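See below for the structure under consideration.
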Amino acid sequence: MADSSKKMQIVFASAECAPFVKTGGLGDVAGSLPAALVRAGAEVIVMVPKYATIKDEYKAQMEHFSDFYVSLGWRNEYCGLEKLEHDGVTYMFIDNERYFARDYPYGFFDDGERFAFFSKAITESLQHLPAGFECDILHCNDWQTALAPVFLREFYQGLPLYDRVKTVFSIHNVAFQGQFSDTVMEDILGVAHIPAAASQLRCDACSINYMLGALHYADAITTVSPTYAGEIQTPEFGEGLDGVLRERSYALQGILNGIDVAGFDPATDKRIAANYTIDDRSGKAVCKAKLQEELGLEVRDDRPLMVMVTRLTRQKGMDLVMYALDRILSGGVQVAVLGTGDRDYEDGLRYFQDKYPGTMAARIEFDPALSQRMYAAADMFLMPSKFEPCGLSQIIAMRYGTLPIVRETGGLKDTVIPYNEFTGEGTGFSFSNFNGDEMGDAVFRAARLFWDNREAWNQLVTQAMSQDFSWTRSADKYLDLYFFMHPEIERPASVVDEPEAVAEPVAAEEPKVEKKPVEAEPAKAEPEVKAEVAPETEAEVKPAAKPAAKKTTTRKTTAKKVTTTKAAASKTTAAKTTAAKATTTRKRTTAAAKKAAEAEAAPEVKAEVAEAKPAAKAPAKTAAKKTTTAAKKATAAKKTTATKSTTTKAATTKAAAKPAVKLEETPAESKAEATVEAKPAAKTTTRKRTTTAKKTTTKAAATKAETKPAAAKVEPKTEVKAKPESAKETPVSPAAPAEEKTPTKKTSVRKATATRKRR
């Protein structure tokens with residue numbers, strides 16, 4: 001039973017978190033996702049190291065909450081918890097000056113020890129949280145927190161407080177794994193004497209891998225985009241961890257990152273030259289002119305301005321940029337690049353700036369304010385990454401109406417919809433292979449659209465700015481995972497996903513709706529026709545896809561039977577029709593017989609809807625049952641048929657287009673498909689075929705068809721032959737054919753025979 005009074009309580013652990021400390025995308029995620037989870041109704045505590053680089057204004061707001069000692073190998077290290085409330089989220093800063101009072105978060109000789117301490121402090125802190133907060137989910141991020149699931153399982157499992165804790169590990173970039181000498185296993189981690197931990201942490205003869213431990217020990221694994229989740233399971237992108245990721249693929253999923261839509265809003269951003277909205281983009285032209293002037297480019301609105309804000313590394317596609325930049329600049333596209341990185345790329349950009357003054361601008365520096373002005377001013381944003389777990393730059397660019405040009409990898413593929421010149425769909429431009437010529441082609445596809453079709457360009461900008469990349473959507477997906485791991489906690493109605501809310505009532509209501517025509521069947525023929533004839537459309541379409549060889553066999557078999565006797569002429573068609581007729585008659589006679597008919601025909605019905613081949617096998621399985629009840633069927637059919645009028649027979653024929661037992665099918669999807677796909681032409685075909693078969697079949701033939709399962713094996717063949725006639729007939733209303741289709745026995749036989757001969 002779900003607990004409606006308890007909220008989902010999450011501890012979110014990260015080595016960096018905006019606005020306190022940030023070096024990359026991880027800081028953005030840790031700064032935005034917890035706040036979105038809180039808005040969705042969860043309780044969240046974020047754990048971050050208390051670095052010396054955190055601004056004093058934030059340190060002044062912290063209050064000392066608790067302190068204790070953490071055992072790390074043979075050490076006992078002090079750990080303080082400093083509490084801070086910020087934007088509705090509770091932050092707990094792990095305080096240990098020996099490890100964290102440094103000028104930068106990473107890059108020190110003892111990083112293995114520093115972040116092993118951080119992971120152990122996280123697990124130990126779960127018993128020192130505010131009153132009433134019992135951790136349900138421990139969500140760890142990247143290698144700096146990867147040992148927390150290992151410590152939790154090996155040192156704390158079995159303690160009452162920890163039994164309910166489920167662990168989630170998020171991979172933000174699988175290239176950074178935390179590999180260290182295996183000497184730390186006993187000296188620092190204290191797990192060398194635990195065979196399971198020692199084997200699952202070791203990555204080679206003399207090294208251990210922190211991330212590898214988390215992949216083995218975490219209850220669930222996530223990464224930052226669906227495409228990247230698939231890529232890291234391959235040797236090309238898995239960085240040596242693809243094997244374990246494939247082993248645990250059942251626990252792995254990709255959830256796309258979002259952005260802070262309030263912080264990145266061109267309508268309110270004070271860092272840009274002029275504000276603008278999706279409806280009035282005149283301010284964007286002002287931003288472009290100001291940036292061109294600032295960077296020393298020609299101030300021209302008729303030339304597309306393409307920018308890059310990136311690290312200058314091979315991973316970011318700088319090899320392709322160096323290869324294609326000459327072609328791009330000489331082709332009339334202005335380019336501006338902001339970033340730092342490898343010296344070769346920095347020098348290359350300076351060379352092109354000197355070669356193309358007024359067209360190329362290179363700013364080899366880190367300037368967040370300038371990057372914001374570039375997002376707002378540019379027409380195009382280039383991001384040709386070799387791999388990209390998620391990427392935020394392309395999302396920010398779209399938010400500011402700058403169309404991204406990306407390589408189809410990782411999150412770039414998941415977030416940018418390539419422009420389709422025929423439909424007008426898209427939010428940017430893309431190319432597939434890590435190839436400089438392909439990248440250049442994509443740039444000029446965008447440039448030509450800018451020059452030649454400004455209306456289509458503006459529509460594309462509108463579509464890009466309309467995309468929803470808020471954290472609300474991503475938070476819902478994380479909550480799906482959390483509540484899946486804790487089914488005993490009831491999810492608040494306000495955060496239930498729409499598909500779940502819609503899907504459940506549909507499944508519950510369908511059988512109720514479909515039961516009404518069944519109850520009214522004895523009194524009305526028309527509801528019966530609508531319910532039974534409509535599904536025939538689906539059954540006819542599927543046999544039509546059978547190979548031509550089977551159709552030929554159908555013609556030969558049917559023709560042979562037609563020339564034998566008048567009763568045998570329609571044996572193939574009558575087998576299914578007569579069985580259905582007898583079933584319908586029996587259903588109307590007694591309720592007990594109706595239940596027997598349902599049980600008898602159910603296998604045949606299911607097989608017929610699925611495909612023709614199973615339909616041929618189903619009667620064989622129920623042959624014994626049909627033989628034992630044949631006499632009852634014939635007697636019931638004779639008595640009831642003798643007292644029926646022509647109108648009643650026509651109604652029965654319509655019902656016989658598909659076994660009446662179909663009405664009793666329980667799967668909601670069969671009924672839904674039947675109702676949607678029903679067409680007048682298909683109905684006419686059904687009525688015509690079944691009327692002809694009915695008029696030519698004597699009562700003796702009916703009995704024979706029911707007791708001989710071999711005749712029923714050609715069910716799909718008769719349906720294949722009936723299809724071409726439907727194209728020749730004019731569709732009529734469902735009520736009319738009962739009076740129209742009443743040919744004599746001889747006429748119907750001649751018509752059926754002639755039809756088969758023509759084929």
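These numbers were taken from a predicted model, which means no experiment stands behind them.
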message = For the backbone of Pro195 and the side chain of Ser199, can you confirm whether one donor and one acceptor N or O come within less than 3.5 Å of each other?
response = yes
query = Taking side chain as C-beta onward, heavy atoms only, is Glu134 less than 4.5 Å from Leu129?
reply = no
inquiry  = Has Gln9 got a side-chain atom pairing as donor or acceptor with Gly132's backbone, closer than 3.5 angstrom?
reply    = yes
query = If you round to the nearest 0.5 Å, how far is CE of Met47 from CG of Leu126?
reply = 6.0 Å
ask   = What class does the angle between the rings of Phe12 and His139 fall in, given that below 30° is parallel, 30 to 60° is tilted and above 60° is perpendicular?
value = tilted
message = Quick check on Gln61: does its CD atom have over 12 non-hydrogen neighbours (other residues, nucleotides or ligands) under 6.0 Å away?
response = yes
ask   = Between Thr409 and Glu388, is a side chain to side chain donor-acceptor pair (under 3.5 Å) present by the stated rule, with each step listed?
value = CA-CA 6 Å; Thr409 182; Glu388 195 66 57; over 6 Å; no
ask   = So, the side chain of Asn141 versus the backbone of Ala13: is there a donor-acceptor pair under 3.5 Å, distance only?
value = yes
ask   = Got more than 12 heavy atoms from elsewhere within 6.0 Å of CZ, Phe484?
value = no
task = With side chain to side chain contact (heavy atoms under 4.5 Å, CB included) as the test, would you mind laying out the steps for Thr90 and Val46 before giving the verdict?
result = CA-CA 6 Å; Thr90 300; Val46 181; over 6 Å; no
message = For a quick test of reading the model, state the closest non-hydrogen atom pair linking Val416 to Gly428 and the distance between them.
response = CG1-CA, 3.9 Å
request  = Any chance you could measure Phe237, atom CZ, to Glu231, atom CD, to the nearest 0.5 Å?
outcome  = 4.5 Å
request  = Begin with the C-alpha distance, continue with both residues' side-chain angles, and end with the deciding distance and a verdict on side chain to side chain donor-acceptor pair (under 3.5 Å) for Ser119 and Thr145.
outcome  = CA-CA 5 Å; Ser119 295; Thr145 60; 5.8 Å; no
inquiry  = Just verifying a value: how many Å separate Leu338 CG and Glu365 CD, rounded to the nearest 0.5 Å?
reply    = 6.0 Å
ask   = Mind checking whether Phe100 and Tyr51 have parallel, tilted or perpendicular rings, split at 30° and 60°?
value = perpendicular
query = Is any side-chain heavy atom of Phe180 less than 4.5 Å from a side-chain heavy atom of Asn209?
reply = no
message = Can a donor-acceptor pair be found, under 3.5 Å and without considering hydrogens, that links the side chain of Lys59 to the backbone of Ala52?
response = yes
Table please: side-chain donor-acceptor pairs of residues 66-78 below 3.5 Å, with sequence neighbours left out.
unit_1	atom_1	unit_2	atom_2	d
Asp67	OD2	His64	NE2	2.8
Ser71	OG	Lys120	NZ	3.3
Trp74	NE1	Asp187	OD1	2.8
Arg75	NH1	Leu72	O	3.2
Arg75	NH1	Asp187	O	2.7
Arg75	NH2	Asp187	OD2	3.1
Glu77	OE2	Arg98	NH2	2.5

key: Salt bridge Arg164-Glu488, side-chain N to carboxylate O under 4.0 Å   = yes
task = Give a yes or no on whether Asp103 atom CG has more than 12 heavy-atom contacts from other residues, nucleotides or ligands under 6.0 Å away.
result = no
message = Check whether Ser430 reaches the backbone of Glu408 with its side chain - one donor and one acceptor, N or O, closer than 3.5 Å.
response = no
query = Do Pro389 and His172 touch side chain to side chain, with heavy atoms closer than 4.5 Å?
reply = no
ask   = Distance from Asp242 atom CG to Glu247 atom CD, nearest 0.5 Å?
value = 10.0 Å
request  = Would you name the heavy atoms of Tyr375 and Ser393 that are closest together and state the gap between them?
outcome  = OH-OG, 3.1 Å
request  = Show your working on side chain to side chain donor-acceptor pair (under 3.5 Å) between Thr427 and Gln467 and close with a plain yes or no.
outcome  = CA-CA 8 Å; Thr427 58; Gln467 298 298 299; 5.5 Å; no
Donor + acceptor pair across side chains of Gln157, Glu154 (<3.5 Å) = no
ask   = Mind checking whether Phe115 and Phe118 have parallel, tilted or perpendicular rings, split at 30° and 60°?
value = perpendicular
request  = Check whether any side-chain heavy atom of Met211 sits under 4.5 Å from a side-chain heavy atom of Phe169, and report yes or no.
outcome  = yes
ask   = Can you find a heavy atom in the side chain of Phe20 that is under 4.5 Å from one in the side chain of Val48?
value = no
note = Output for pair (Phe117 CZ, Ile188 CD1), nearest 0.5 Å, gives 12.5 Å
key: From Phe483 atom CZ to Glu490 atom CD, the distance as rounded to the nearest 0.5 Å   = 9.0 Å
inquiry  = Between Leu481 and Val168, does the side chain to side chain contact (heavy atoms under 4.5 Å, CB included) criterion hold? Intermediate values first, please.
reply    = CA-CA 9 Å; Leu481 176 61; Val168 177; 4.1 Å; yes
ask   = For the side chain of Asp110 and the backbone of Glu113, is there at least one donor-acceptor N/O pair under 3.5 Å apart?
value = no
ask   = Are the side chains of Tyr106 and Thr23 in touch, meaning some heavy atoms are under 4.5 Å apart?
value = yes
Trace of the side chain to side chain contact (heavy atoms under 4.5 Å, CB included) decision for Ser432 with Glu438 = CA-CA 8 Å; Ser432 300; Glu438 280 195 36; 4.2 Å; yes
query = Between Met398 and Phe381, is any pair of side-chain heavy atoms under 4.5 Å apart?
reply = no
message = Under a 3.5 Å distance rule, please check whether Asp414 uses its side chain to pair with a backbone N or O of Thr227 as donor and acceptor.
response = yes
ask   = After noting the C-alpha distance and the side-chain angles of Thr167 and Cys140, does the key distance pass the side chain to side chain contact (heavy atoms under 4.5 Å, CB included) rule?
value = CA-CA 8 Å; Thr167 53; Cys140 302; 5.8 Å; no
ask   = Okay, side chain of Asp265, backbone of Ala262: is any donor-acceptor separation there less than 3.5 Å?
value = no
ask   = Are side-chain heavy atoms of Leu212 and Leu241 found at a separation under 4.5 Å?
value = yes
message = Using a 3.5 Å distance criterion without hydrogens, assess whether the side chain of Arg473 forms a donor-acceptor pair with backbone atoms of Asp468.
response = yes
inquiry  = I'd like to know if the side chain of Arg202 reaches the main chain of Ala205, judged simply by a donor and an acceptor atom lying under 3.5 Å from each other, with no hydrogens or angles considered.
reply    = yes
